[in-house]
Structure formats: structure tokens, C-alpha cells
Number of protein chains: 2
Amino acid sequence: MNLPPLVQAFVLHFGEMGGRWGINRTVGQIYALLFLADRPLNAEDLCAALGFSRSNVSIGLKELQGWRLVEMRHQPGDRREYFSTPDDVWQIVRTLVEERKKREIDPTLSVLRDLLMETPQTPAEQHAQQRMAAMHDQIELLTRWYADIEKLETERLVQLLSLGSRVARVLDLKDKLFVIPGRAEKDRKAS
Amino acid sequence: MNLPPLVQAFVLHFGEMGGRWGINRTVGQIYALLFLADRPLNAEDLCAALGFSRSNVSIGLKELQGWRLVEMRHQPGDRREYFSTPDDVWQIVRTLVEERKKREIDPTLSVLRDLLMETPQTPAEQHAQQRMAAMHDQIELLTRWYADIEKLETERLVQLLSLGSRVARVLDLKDKLFVIPGRAEKDRKAS
DNA sequence: TCCGAATTTCAGATATTCCTGAAAATAGGA
DNA sequence: TCCTATTTTCAGGAATATCTGAAATTCGGA
């Protein structure tokens with residue numbers, strides 16, 4: 001590996017973290033290098049830069065394409081495939097969340113739905129099903145929330161994130177503006 | 001494995017998903033069983049129910065304790081250790097997010113901070129550092145947002161999640177109530 | 001159509017993770 | 001203190017994942 005020190009440090013770190021992130025060292029390093037590169041790279045570039053075999057790089061790139069984390073292009077007059085990551089880091093996060101949801105959450109949601117259709121035969125099963133219902137409802141709420149938030153333009157999203165928990169004050173504001181009789185007092189007690 | 005059908009299906013699913021979630025089959029199944037159980041279980045219970053060796057269960061429980069996903073208790077007049085998961089699914093999610101952040105994000109944030117202190121020596125390094133800055137700033141924004149949101153009481157959090165992107169209207173509302181001259185018109189155009 | 005550069009596939013070598021049974025360590029009660 | 005039920009550690013076997021080099025395949029251009 002013969003890379004500028006800054007790049008090398010980042011690439012090595014991503015390689016090490018790969019394991020924790022559910023990708024392997026190769027895939028982590030390839031992604032890191034593409035993320036930092038100021039131009040699209042081809043497979044040969046990656047082999048040379050990272051010291052992996054050609055086949056390893058090929059498989060790694062396939063996996064990254066499976067995650068939709070890299071884009072493939074062709075350069076005019078060059079048959080080789082060139083790869084790059086999106087410039088927009090928010091686009092990257094959106095993709096990452098979608099893919100992780102698809103792989104790590106959706107299958108469980110599907111199983112939960114199936115099992116909640118069953119009729120429990122014993123008190124133990126009944127309790128188990130209640131726990132599943134709690135998990136199911138929570139995942140639904142969280143994924144609905146994300147599906148909704150995800151539609152916002154990036155600029156607006158950043159605004160909202162910057163507000164943090166201060167958005168919660170809106171709830172107070174709303175309560176004060178549109179007072180529901182009999183509810184206001186309860187809320188006041190609670191806070 | 002001799003469990004009620006509903007419980008068994010859930011446990012097996014968690015075992016299979018374990019790999020994707022960064023835990024292994026054993027750990028996934030142990031967690032699933034504890035989550036569904038209507039009483040704390042001891043290691044022997046888990047061995048019998050899941051068919052794993054005693055040592056495997058011991059290691060699995062240690063790992064789950066490392067994730068702070070299971071609680072250990074003692075029952076009066078019984079020397080054995082009993083394990084359970086919190087009843088509150090929101091507490092579980094909070095723990096999960098904290099731990100994943102600690103393992104999967106914080107180390108990268110730390111590396112990014114270090115590398116952003118360096119002075120780039122070439123145009124390529126300068127570009128790489130800009131990419132790192134973008135990633136750093138985004139992670140900071142997201143983690144700050146979560147650290148802030150995390151403080152909300154669960155009830156309030158659920159309220160906020162239920163609102164979804166409708167909270168964004170607050171930004172409009174705020175703009176309308178507290179008009180910043182020269183800004184209002186720009187916003188109106190944008191929407 | 002054919003050529004050859006580029007990519008993919010695949011068998012097998014290497015490394016890592018997972019799991020068990022046996023032995024060692026720990027800790028509550030006599 | 002000692003006894004023993006319980007937990008933990010650990011060496012090594014089994015299973016899985018990673019990586020390579022060589023062979024097969026693909027595909028754009030002559």
C-alpha cells in the first residue's frame with residue numbers, strides 16, 4: 001500500500017472497522033479509498049493502491065454495489081469500469097439506512113407480523129406474543145417515522161436535526177395554541 | 001430445543017439474524033428467549049431450552065451483559081444467577097443505540113478528529129481532508145441530535161415520532177410568527 | 001466474426017469465529 | 001474453614017469467512 005499518509009490512515013481504519021460494520025476489511029478499505037478519491041478509480045487502481053488481488057477487489061466492488069454505496073461509470077475511450085461514491089454525504093446516509101433497514105429490520109418485522117397472526121395456546125405463549133406485539137409496534141413507529149422524515153429535503157432535514165429536542169417545545173406550543181378542554185390541565189400537571 | 005411453537009419461531013429467527021446484527025447465533029437465541037420469557041431464567045434453563053453447552057451460554061450471557069442488554073439478578077434462596085431483559089422496549093432501543101454508537105461510530109469520529117488536525121501536503125490530501133471534514137461534521141450533527149433527543153421522556157419521544165415530518169411545519173410556523181425580514185420571501189419561494 | 005483486455009468464477013489455502021467438554025476458579029452456606 | 005453448586009476459562013475441533021491465483025467468461029472494437 002503506497003498512499004498519502006492521511007489517506008492511508010483513514011483507509012486502514014475503515015478496514016479495521018469493516019468487521020464491526022458487517023463488511024470485511026477489503027470492502028471497508030475499498031470504500032474508504034473511493035470515498036476520499038478526487039476521481040473515479042478502476043479495479044486495477046484499487047489493487048495497486050491496496051495490495052489486494054484482482055478477484056478480491058472484484059468481489060468487494062460487487063458487494064459495495066449491492067449496498068448501492070458505489071456508482072459504476074464508464075469513461076469515454078476506456079473499456080474499464082470506474083467506481084466512485086456519491087459526493088453528497090447525506091445521500092450516503094440515506095442509502096445506508098435504507099439498506100440496513102432492508103437487511104436488519106424488515107425480515108424481523110415480517111416474522112413478527114406472521115407470529116402475531118397465530119393464536120397463543122398457553123399463558124406462556126400469550127405473554128410471548130404480547131412482547132412481540134410491543135416490539136412490532138415500536139419498530140413500526142420508528143420505521144414509519146423514518147420513512148416520513150426521509151422525504152424531507154436535505155436542507156430542511158439539517159435544520160430539523162440542528163433543532164434537536166427543541167422541537168419538543170412545539171408540542172407545548174401546539175397545546176397552548178389549540179387548547180383541548182380537559183386535556184390542558186392534565187398536561188400541566190404532568191410537566 | 002423444546003419450546004412453544006411461537007417462542008421457537010422467534011428464537012430461531014433471532015439466531016439467524018444474529019450474524020447480520022453483529023452477534024452470533026447463540027447470543028441471538030439467548031437474547032430472544034430472555035426477551036420473551038415471563039420470568040428471569042438461569043444459565044441452566046437456557047442450556048436446556050436452546051441445546052447449547054453450558055460454556056457457550058456463559059460466554060453468550062457475558063456478551064449480552066457487555067451490551068447492557070440483559071440484567072442479572074439473584075433470587076432469594078438460590079445461588080444461581082438469573083437473567084432478564086428490561087420490560088420497556090424503549091429502554092432497550094436506547095441501550096442499543098448507545099452501544100452501537102460507542103462501538104461503530106465513536107472510534108471513527110476519534111480518528112477523523114485526529115486526521116483533521118493534520119496539515120495536508122498535497123492537493124490529493126487536501127481533497128481527502130475535505131471529504132473527512134464532511135463526514136465528521138455530519139456524524140457530529142447526527143450524534144448531537146441523538147444525544148439531545150435521547151433526553152426526552154419516552155412519552156414525549158413517542159409523541160414526536162408520531163408527528164413524523166409534520167414537525168417540519170413548525171419551521172414554517174416559526175418563520176411566520178417571528179418573521180426575519182428578507183428571509184421570509186426567500187423561504188416562500190423555496191416551498 | 002474474431003481478438004484481447006477486462007471482469008467474474010471457482011477450487012483450495014489461510015485465517016477467523018464458533019462451540020464444546022474438561023479443568024480451574026469462585027462464592028454461598030454448613 | 002471446608003464443601004459443593006455454580007460459573008468461568010481454555011485448548012482444540014468444527015464451521016465459516018476471507019483471500020488468492022488460475023481458468024473461464026464477457027464484451028467492446030477491429
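Letters A, B, ... mirror the listed sequences (proteins, then strands); counts begin at 1. Worth saying up front: this structure is predicted, and the values here are computed from it rather than measured.
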Report task. Given side chain to side chain contact (heavy atoms under 4.5 Å, CB included), test A:Ser84 with A:Arg73 step by step and report yes or no. Result -> CA-CA 8 Å; A:Ser84 59; A:Arg73 308 173 188 196; 3.5 Å; yes
Query raised in the report: Is the NZ or CZ atom of A:Arg100 both under 6.0 Å from the centre of the six-membered ring of A:Trp67 and within 45° of that ring's axis?
Result: no
**Report entry** Side chain proximity check, B:Asp45 to B:Arg39, heavy atoms < 4.5 angstrom
**Finding:**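 In contact.
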Ignoring hydrogens and geometry, is there a side-chain-to-backbone donor-acceptor pair from [X] to [Y] under 3.5 Å?
X: A:Ser58; Y: A:Arg54; answer: no
X: B:Arg169; Y: B:Ser165; answer: no
X: A:Gln121; Y: B:Pro5; answer: no

Between [N] atom [atom2] and [X] atom [atom1], what is the distance in whole Å?
X: A:Asp78; N: C:dT7; atom1: CG; atom2: C1'; answer: 13 Å
X: B:Glu44; N: D:dA5; atom1: CD; atom2: C1'; answer: 11 Å
X: B:Gln75; N: D:dT6; atom1: CD; atom2: P; answer: 13 Å
X: B:Lys62; N: D:dC10; atom1: NZ; atom2: C1'; answer: 15 Å
X: B:Arg80; N: D:dT4; atom1: CZ; atom2: C1'; answer: 14 Å
X: B:Asn42; N: D:dT8; atom1: CG; atom2: P; answer: 12 Å
X: A:Ile30; N: C:dT7; atom1: CD1; atom2: C1'; answer: 14 Å
X: A:Leu61; N: C:dT9; atom1: CG; atom2: C1'; answer: 15 Å

Report summary line: Per-nucleotide protein contact along nucleotides 11-25 of chain C, 5' to 3', at a 4.0 Å heavy-atom cut-off (B base, S sugar-phosphate only, - neither), is -------SSBB----
Report task. Report which part of the nucleic acid A:Glu81 touches: base, sugar-phosphate, or nothing (heavy-atom distance under 4.0 Å, all strands). Result -> sugar-phosphate
Report task. Please lay out, stage by stage, how B:Leu152 and B:Ile149 fare under the test side chain to side chain contact (heavy atoms under 4.5 Å, CB included). Result -> CA-CA 6 Å; B:Leu152 294 175; B:Ile149 286 298; 4.2 Å; yes
Query - side-chain hydrogen bond (donor to acceptor under 3.5 Å, both in side chains) evaluation trace for A:Arg144 with B:Ser162 - result: CA-CA 8 Å; A:Arg144 275 181 209 280; B:Ser162 306; over 6 Å; no
Query - A:Ile30 and its side-chain contact (heavy atoms from CB on, under 4.5 Å) partner, picked from A:Leu64, A:Leu69, A:Val11 - result: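 Answer to the side-chain contact (heavy atoms from CB on, under 4.5 Å) test with A:Ile30 among A:Leu64, A:Leu69, A:Val11: A:Leu64.
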Query - ring-ring contact (aromatic ring centres under 6.0 Å, His included) partners of residues 9-42 of chain B, not counting sequence neighbours, each pair once - result: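 Listed by first then second residue: B:Phe10-B:Phe14, B:Phe14-B:Trp21.
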**Report entry** Other residues, nucleotides, ligands: >12 heavy atoms within 6.0 Å of A:Asn2 CG
**Finding:** no
Query - Near-strand residues of residues 31-39 of chain B, defined as heavy-atom separation under 4.0 angstrom from DNA chain D - result: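 Within residues 31-39 of chain B, no residue comes under 4.0 Å of DNA chain D.
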Query raised in the report: Roughly how bent is the helix from C:dT1-D:dA30 to C:dA30-D:dT1 end to end, in steps of 10 degrees, with each end axis from five pairs?
Result: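 Both end axes considered, the difference amounts to 20°.
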Could you go through nucleotides 26-30 of chain D and list every protein N or O atom that sits under 3.5 Å from one of its N or O atoms, giving the distance for each pair?
{"unit_1": "D:dC27", "atom_1": "O2", "unit_2": "A:Arg79", "atom_2": "NH2", "d": "3.4"}

Query raised in the report: Does the pair B:Glu140/B:Arg113 count as a salt bridge with the N-to-O cut at 4.0 Å?
Result: yes
Query raised in the report: Residues two or more places apart in sequence or in another chain: which of them pass side chain to side chain donor-acceptor pair (under 3.5 Å) with A:Glu98?
Result: A:Arg68
Query raised in the report: Does the side chain of A:Gln159 pick up a donor-acceptor pair with the side chain of A:Arg156 at under 3.5 Å?
Result: yes
